[in-house]
Amino acid sequence: MKNTKLTNYLMILGWVMLALVLSAPVATAAEKPVVIGLQGPITGPWAYEGQMAKQSCEIAAELINQKGGILGGRMIELRVVDDAGEPKTGALAATKLVGQKDVVAVVSTYGSSVCEPASNIYERYKKVNIGYGVTAVRLTQRDFKYFFRTCGRDDSQGKFFADDVPKRFNAKRIAVMHDNTAFGKGLAEDTKRGLEPLIAAGTAEIVYFDAITPGEKDFRVILTKLRETQPDVWYFTGYYAEAALLISQAREIGIKCPFVGGNAAINDEFVKIAGLDIAKGCYMTNEPLPGDLPYAEAKEFLKAYKEKFGEIPSSPWPIYAADALNIIADAVDKTGSTKSDVLAEFLRNKADGVPGITGPIGFTAQGDREGVPFYLYMVDDQGKIVVAE
Amino acid sequence: MQVKKIAGFDRIFYFRKKTFLGLLILFGAYPFLVSNYYIDIGFFFGIYALLGLSLNIVLGEVGLFDLGHAGFYAIGAYTTAILNTKCGIPIFILLPVSALAAALFAYMVCSPIIHLRGDYLCIVTIGMGEIVRLALINNPLDLTGGPNGVFGIDFPSVGNIFVIDSSIEYYFLIWVAVALSIYGLSRLQQSRIGRAWNCIREDEVAAKANGIDVRYYKLLAFVLGAALAGVAGNIYASKLMCVSPESFTFWESCLMFCIVLIGGMGSIPGVLIGAAAISLFPEIFRPFAMYRMLVFGGAMILMMVFRPGGIWPRKRGISGK
């Protein structure tokens, strides 16, 4: 009696183990395509960004393949792994990719705290990895050999806010609100640092500097506190879900000052959640959105993207993922090698002004992108996000 | 039914030495058969097994609702991270230190709340877990690095000779830790302490009437559970080489709670099965992409409907029948 039960349990266990063993990827000996990995949040809270990054990389690879591929006719194959936007799963995803010997280099990932453990693993297993939505400053201050990023850093955006916004709105009393995530708090602190010269000169003042708790639905208590400080302009450095709720509730309790969001605060979803009436006239600091890029590569890319998916990406990050793929393909093509050391060396020292979708791509000695432009955007009367005049 | 006189592991797993040996060989051989990715899944399975075992002491053995267990886990991980990066103390020395730090924290925090019952204790522990996480985010004394966390943690090593730095070595590190914990906990289950714990779980008043120091034993459960979670934190920190508050959210506490409930309260093999469910299912369901968590949640509900007592409920040995 007991034994039959026992055997059943063991059978199940055996089958599970067998399934695991069988589903382990079998290394293919195929030489043909050049495989480039993409690690991104395909599921989880930032799935919206991850899906678009995947689509962008697909398009970028297709465009290269249509022109005959690289290295005299080898196609590019994209291999996507999901990191669900979590540090732990990010580490797993990275391990998955470094275990696949045919992956030449990796586009990885969205979110700084996910990137951190993942890039440790890539560094350890000597795989070139290029971040596309990772803006924490310290990521490129670790003297890593194989880590690069095609996007800007938090402090470039904070500095832009300090240089542009107070002047534009003639604002003296500035409120800065963040959401305590690595990204939000980092950006808020860089903004504070950027504003220091103005504060010292007495032309600006930070009247509010505090955090909200992401995931909450009712921010009225915090907003009442904000209202009391009577800010001239209000900068929120968190993500769009909270931004939309914040602005709706703020207008409800009578905060009328201009709302400026960080580069993750405003996108089409923001307009949808907040509603057009409230969303219009909201500003954000941002890298140029895909549609506003003046480059020929951008026009070609967006045309292909629109043909396949019906609309162009609504946030800037996926484009950086596509550019990361482009620069990897370019490096492989120009060096004629798929060795990580050769590629890293090339990207660091020789890749300069390579035409990309987001403009010429080149890297600093630390692996940061050289020269990332910032614009101030606003939501217009139709709910479109346009460059502010 | 004949009650066999069995002790130690046999009693815990309800099967004979041969099958136990088979399991041991399976776990030992597994990392040599699969790629690093699957070894790492095995590693995180181990982490969750250890966390499940630690919460099982509090929730399973004594029946105290603790939904803030990620707090202890975080204390262990951050103790390791901070002392290693700031003072350069080796990870292995920090293993007991992390356990002690988490245990001490549990002792201090739980002493005043230990008399609370059921839901009330649950609420306080939720608060405690959140306070730990928020404190880490606010970067007290510039130690925790705020939302960015602490990074640059070493590999566990003894001098330069024995360094744990590959997936396989981490896999064995965590499973040796799990095996030792299982051995210790199974002994504990048989002991006076284990019986006292179960007695408190079944009927606190009766336990008191029988002369069991309820307060002492409850606190002991919290302290031991926290210490074990601290050990898990230490290994987790050295594996990821960085810790950030995002890894110790309320969701993490919920997962541990699920592990114990899915497996069966107070059952050690149940905890292993629960941990397997929690850590393997999300990976197995990854192809479902957006519907992953939906499928995961559905599977959990089905499981609880058809096996409300957990997959492998604890069978108390019948003594003196």
Side-chain angles (χ1 to χ4, degrees), chain A residues 1-3 5-7 9-10 13-14 16-17 19-21 23-25 27 42-44 47 50-51 81-82 84-100 111-114 116-117 120-121 124-125 136 138-139 142 178-186 189 211 213, chain B residues 1 4 13-16 19 22-23 26 30 33-44 47 130 134 137-139 145-149 151-153 165-167 236 239-247 249 251-252 269 273 276 280 282-293 312:
Chain A
M1 182 56 186
K2 210 167 202 177
N3 272 340
K5 226 177 192 174
L6 222 177
T7 337
Y9 283 130
L10 279 180
L13 201 69
V16 169
M17 286 296 172
L20 276 179
V21 172
S23 57
I42 308 299
T43 64
Q51 294 287 353
V81 293
D82 176 23
E86 296 164 3
K88 184 198 86 186
T89 322
L92 268 179
T95 315
K96 196 178 194 173
L97 277 178
V98 294
Q100 297 171 18
S112 298
S113 52
V114 185
E116 176 104 41
N120 278 335
I121 290 167
R124 203 171 141 57
Y125 290 93
R138 77 155 193 247
L139 286 171
R142 300 176 294 178
H178 62 90
D179 65 353
N180 260 338
T181 59
F183 165 72
K185 195 171 181 188
E189 272 163 4
T213 312
Chain B
M1 200 161 60
K4 269 193 262 172
F13 284 94
Y14 310 113
F15 38 66
R16 285 162 301 181
T19 42
L23 254 184
L26 201 64
Y30 170 74
L33 300 173
V34 296
S35 67
N36 270 354
Y37 170 65
Y38 287 90
I39 299 173
D40 273 2
I41 290 183
F43 170 84
F44 285 112
I47 284 277
E130 284 300 282
L134 292 174
I137 288 176
N138 282 323
N139 199 4
N148 284 318
F151 59 103
I153 303 163
D165 60 355
S166 70
S167 291
Y236 177 83
K239 166 77 184 175
L240 279 197
M241 295 191 278
C242 61
V243 288
S244 63
E246 282 164 35
S247 306
T249 52
W251 174 241
E252 213 60 26
I273 291 174
L280 301 184
E283 292 301 322
I284 294 169
F285 292 149
R286 208 159 280 285
F288 292 102
M290 293 164 69
Y291 303 102
R292 180 167 69 95
M293 290 323 262
W312 192 318

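All values reported here derive from a predicted model rather than from experimental measurement. Lettering follows sequence order; numbering is per chain, from 1. All heavy atoms count here, side chains included; hydrogens, waters and symmetry mates do not.
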Please tell me if the side chains of [X] and [Y] come closer than 4.5 Å, counting only heavy atoms from C-beta onward.
X	Y	value
B:N36	A:Y125	yes
B:Y37	A:Q100	no
B:N138	A:N180	yes
B:E246	A:P87	yes

How many angstroms lie between atom NZ of A:K88 and atom NZ of B:K239, to the nearest 0.5 angstrom?
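Rounded to the nearest 0.5 Å, the NZ-NZ separation comes to 12.0 Å.
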
Can you tell me how far the CG atom of A:L92 sits from the OG atom of B:S167, to the nearest 0.5 Å?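 Here the rounded value is 9.5 Å.
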
Less than 3.5 Å apart, any donor N or O on the side chain of A:T95 or B:D40 sitting next to an acceptor on the other?
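On atom types as modelled, these side chains qualify, holding a pair under 3.5 Å.
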
Can you check side chain to side chain contact (heavy atoms under 4.5 Å, CB included) on A:K96 and B:Y38, steps first, answer last? CA-CA 8 Å; A:K96 196 178 194 173; B:Y38 287 90; 5.7 Å; no

Nearest non-hydrogen partners of [X] and [Y], listed with the distance:
X	Y	value
B:G149	A:R138	O-NH1, 3.9 Å
B:S166	A:R124	N-NH2, 4.2 Å
A:N120	B:M241	CB-CE, 3.4 Å

So which residue, A:G99, A:S113, A:A91, A:S112, ends up with the most heavy-atom pairs under 4.5 Å with chain B?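 Result: the option with the highest number of such pairs is A:S113.
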
| request: Against chain A, label B:F44 side chain, backbone, both or neither, depending on which of its atoms sit under 4.5 Å from a heavy atom there. | output: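 The side chain, not the backbone.
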
- Query: At a heavy-atom separation under 4.5 Å, does B:I39 approach chain A through its side chain, its backbone, both, or neither?
  - Reply: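 Answer is neither: B:I39 stays 4.5 Å or more from chain A.
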
